[in-house]
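Just so it is clear: chains get the letters A, B, ... in the order the sequence lines come, proteins before strands, and each one is counted from 1.
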There are 2 protein chains.
Amino acid sequence: MTISANQIDERMRRFEQACRSARIKLTHQRIEIFREVAKTTDHPDAETVFQRVRERIPTVSLDTVYRTLWLLSDLGLITPLGPLRERTRFDANLARHHHFVCVRCGLTADFYSDLLDDLTLPEAVQALGQAETTRVEVHGICRACAERGPQPTHHPKTKQSQRNS
Amino acid sequence: MTISANQIDERMRRFEQACRSARIKLTHQRIEIFREVAKTTDHPDAETVFQRVRERIPTVSLDTVYRTLWLLSDLGLITPLGPLRERTRFDANLARHHHFVCVRCGLTADFYSDLLDDLTLPEAVQALGQAETTRVEVHGICRACAERGPQPTHHPKTKQSQRNS
DNA sequence: CTATTTGCAAATAATTTGCAGTGCG
DNA sequence: CGCACTGCAAATTATTTGCAAATAG
């Protein structure tokens, strides 16, 4: 919660602009849902946004929150973190390594780099807590998906495909 | 799937050793479940491990796979990736930044670093795919949790606590 | 006015748990 | 041979969807 009022206003303006460009309706709930995410630095999940928006719009429903969050992320106004519709995966590679994750199919490949193993973190991190492990996550399109040609990075819908093996 | 037989054997030995030290029973299903993860580089999820183990032990149940995977991760033999029992979070910070994630409470804080914004990736990454974004993920214990004193990093159990705000 | 969007309730999907029988050490 | 471990089925939790009513432009 360290966002200045100006910063929030700027984000709100960008949001309204983006909705108009996309010819998407500026509803009360969309405005408040976006404001709730734009307001904080704490990366709330859908349930948390729901609880907070509810204080101002007691009738919002959780599914509207979900729909709106994914819409906002399609518009490029917010970024989903973590469980990108993925299940937990398990890694038996105990050696120090980093990951390349395909944003389209979920393929997660290890790669190694002495350089990246030994990064210097800014002092700001010290203030946050005691760092234990540092890993570089590279997101992109894997070879196989690139060959399959351009495809929409569809979100919701059905089960996440498993492009491993 | 580029693990040498030797490498797998070594992992299996380490696994058996760890189970004995922890005085945990070396059951048929545990052995095969661990082997399945140790065998590949593709970071399978629980369902995938289940399907593969099933071919050799047709009676294993999915819940045993889940239980075993978390057990193995408690023993430090495998590492869970991605959705660490977390829900998807949303981030309205469109500026380039990195994350500090508390492994205990899930707090996810942004931090900035020009140095980290401009990392040089090894050539190996080129072979994997087209990199789009690169982010550094620092995992550790946040200030608040550190003050709360040492606590077991319990996994299963109840709902993930939300140490944000 | 009219196509979008919402809220509701019910459907899916992923994961966890209680319990009685089974097998490792 | 006893207690840890398993399989089953049922419970939970997170998220998505179909549909009729509400509403922004």
Side-chain angles (χ1 to χ4, degrees), chain A residues 15-17 19-34 44-51 53-54 56-75 80-90 106 154-162, chain B residues 15-17 19-34 44-51 53-54 56-75 80-90 106 154-162:
Chain A
F15 157 72
E16 299 190 3
Q17 177 60 57
C19 287
R20 290 212 184 81
S21 302
R23 215 129 326 175
I24 276 184
K25 292 186 180 175
L26 264 172
T27 64
H28 188 192
Q29 21 284 78
R30 279 180 183 161
I31 294 169
E32 294 309 316
I33 289 168
F34 177 74
D45 59 28
E47 181 70 33
T48 303
V49 172
F50 174 56
Q51 296 300 345
V53 168
R54 212 181 199 182
R56 275 171 289 147
I57 311 179
T59 56
V60 272
S61 63
L62 181 57
D63 51 286
T64 295
V65 172
Y66 273 105
R67 277 188 287 228
T68 303
L69 289 172
W70 288 114
L71 173 73
L72 293 171
S73 109
D74 282 342
L75 292 175
L81 300 184
L84 259 126
R85 301 171 176 287
E86 275 274 342
R87 314 192 186 95
T88 304
R89 287 155 174 264
F90 296 86
H154 58 254
H155 296 301
K157 290 290 183 241
T158 33
K159 204 178 204 171
Q160 179 79 17
S161 62
Q162 279 263 140
Chain B
F15 157 72
E16 299 190 3
Q17 178 60 57
C19 287
R20 291 214 182 79
S21 301
R23 214 126 332 171
I24 275 183
K25 292 185 180 175
L26 263 172
T27 65
H28 188 193
Q29 21 283 80
R30 277 179 185 161
I31 293 169
E32 294 309 316
I33 289 167
F34 177 73
D45 59 29
E47 182 69 32
T48 303
V49 171
F50 173 57
Q51 296 298 346
V53 168
R54 214 180 198 181
R56 276 170 289 146
I57 312 179
T59 55
V60 272
S61 62
L62 182 56
D63 51 286
T64 295
V65 173
Y66 273 106
R67 278 188 287 228
T68 303
L69 289 172
W70 288 114
L71 173 72
L72 292 171
S73 109
D74 282 342
L75 292 175
L81 300 183
L84 260 124
R85 295 166 183 290
E86 275 274 342
R87 314 191 186 99
T88 303
R89 288 155 173 265
F90 296 86
H154 59 255
H155 296 298
K157 291 289 184 242
T158 33
K159 202 179 207 171
Q160 178 80 15
S161 61
Q162 279 263 141

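Rounded to an integer number of Å, the gap from Leu69(A) CG to dT15(D) P is 10 Å. Between the P atom of dC5(D) and the CD1 atom of Ile31(B) lies a distance of 13 Å, rounded to the nearest Å. In this structure, CZ of Phe50(B) is placed 13 Å from C1' of dA14(C), rounded to the nearest angstrom. When the P atom of dC8(D) is taken as reference, atom CD1 of Ile57(B) falls 13 Å away, rounded to whole Å. Summarising the geometry, the separation between CG on Leu75(A) and C1' on dT4(C) is reported as 14 Å, rounded to the nearest angstrom. Atom CG of Asp74(B) is separated from atom P of dA4(D) by 17 Å (rounded to the nearest Å). Taking atom CZ of Arg23(A) as the reference point, atom C1' of dT5(C) lies 17 Å away to the nearest angstrom. Distance, Glu16(B) CD to dG25(C) C1': 14 Å, rounded to whole Å.
In the helix from dC1(C)-dG25(D) to dG25(C)-dC1(D), the terminal helix axes, each the rotation mapping four pairs' C1' atoms onto the next four within five end pairs, subtend 40°, rounded to 10°.
The minimum heavy-atom distance linking Thr88(B) with Pro80(A) is given by the pair CG2-CB, 4.0 Å.
Across Thr68(B), Thr48(B), Ile33(B), a single residue satisfies side-chain contact (heavy atoms from CB on, under 4.5 Å) together with Val53(B), and that is Ile33(B).
In this structure the side chain of Ile31(B) reaches within 4.5 angstrom of the side chain of Phe15(B), judged on heavy atoms.
In this pair, Phe90(A) and Trp70(B) present their aromatic rings perpendicular. The plane angle is above 60°, beyond the 30 to 60° band.
Asp74(A) contributes atom CG, which lies 11.0 Å from atom CG of Leu69(A) (distance to the nearest 0.5 angstrom).
With sequence neighbours excluded, the residues that form a salt bridge (Lys or Arg N to Asp or Glu O under 4.0 Å) with Arg56(A) are Glu32(A), Glu36(A). Residues passing the side-chain contact (heavy atoms from CB on, under 4.5 Å) test with Leu62(B) are Glu47(B), Phe50(B), Tyr66(B), sequence neighbours excluded. Every residue two or more places apart in sequence or in another chain that forms a side-chain contact (heavy atoms from CB on, under 4.5 Å) with Glu16(B) is listed here: Arg20(B), Leu26(B). Residues passing the side-chain contact (heavy atoms from CB on, under 4.5 Å) test with Thr27(A) are Lys25(A), Gln29(A), Arg30(A), sequence neighbours excluded.
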Provide a list of protein-nucleic acid N or O atom pairs under 3.5 angstrom, restricted to nucleotides 19-24 of chain D.
{"unit_1": "dA24(D)", "atom_1": "N3", "unit_2": "Lys25(A)", "atom_2": "NZ", "d": "3.0"}

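Considering only side-chain N and O atoms, Trp70(A) lies nowhere under 4.0 angstrom from the phosphate OP1 or OP2 of dT15(D). Residue Arg87(B) has no polar side-chain atom (N or O) positioned under 4.0 Å from OP1 or OP2 of dT13(D).
For the pair Thr59(A) and Tyr66(B), nearest-nucleotide mapping onto DNA chain C gives the more 5' position to Thr59(A). Between Thr64(A) and Asp63(B), the one whose closest nucleotide on DNA chain C sits nearer the 5' end is Thr64(A).
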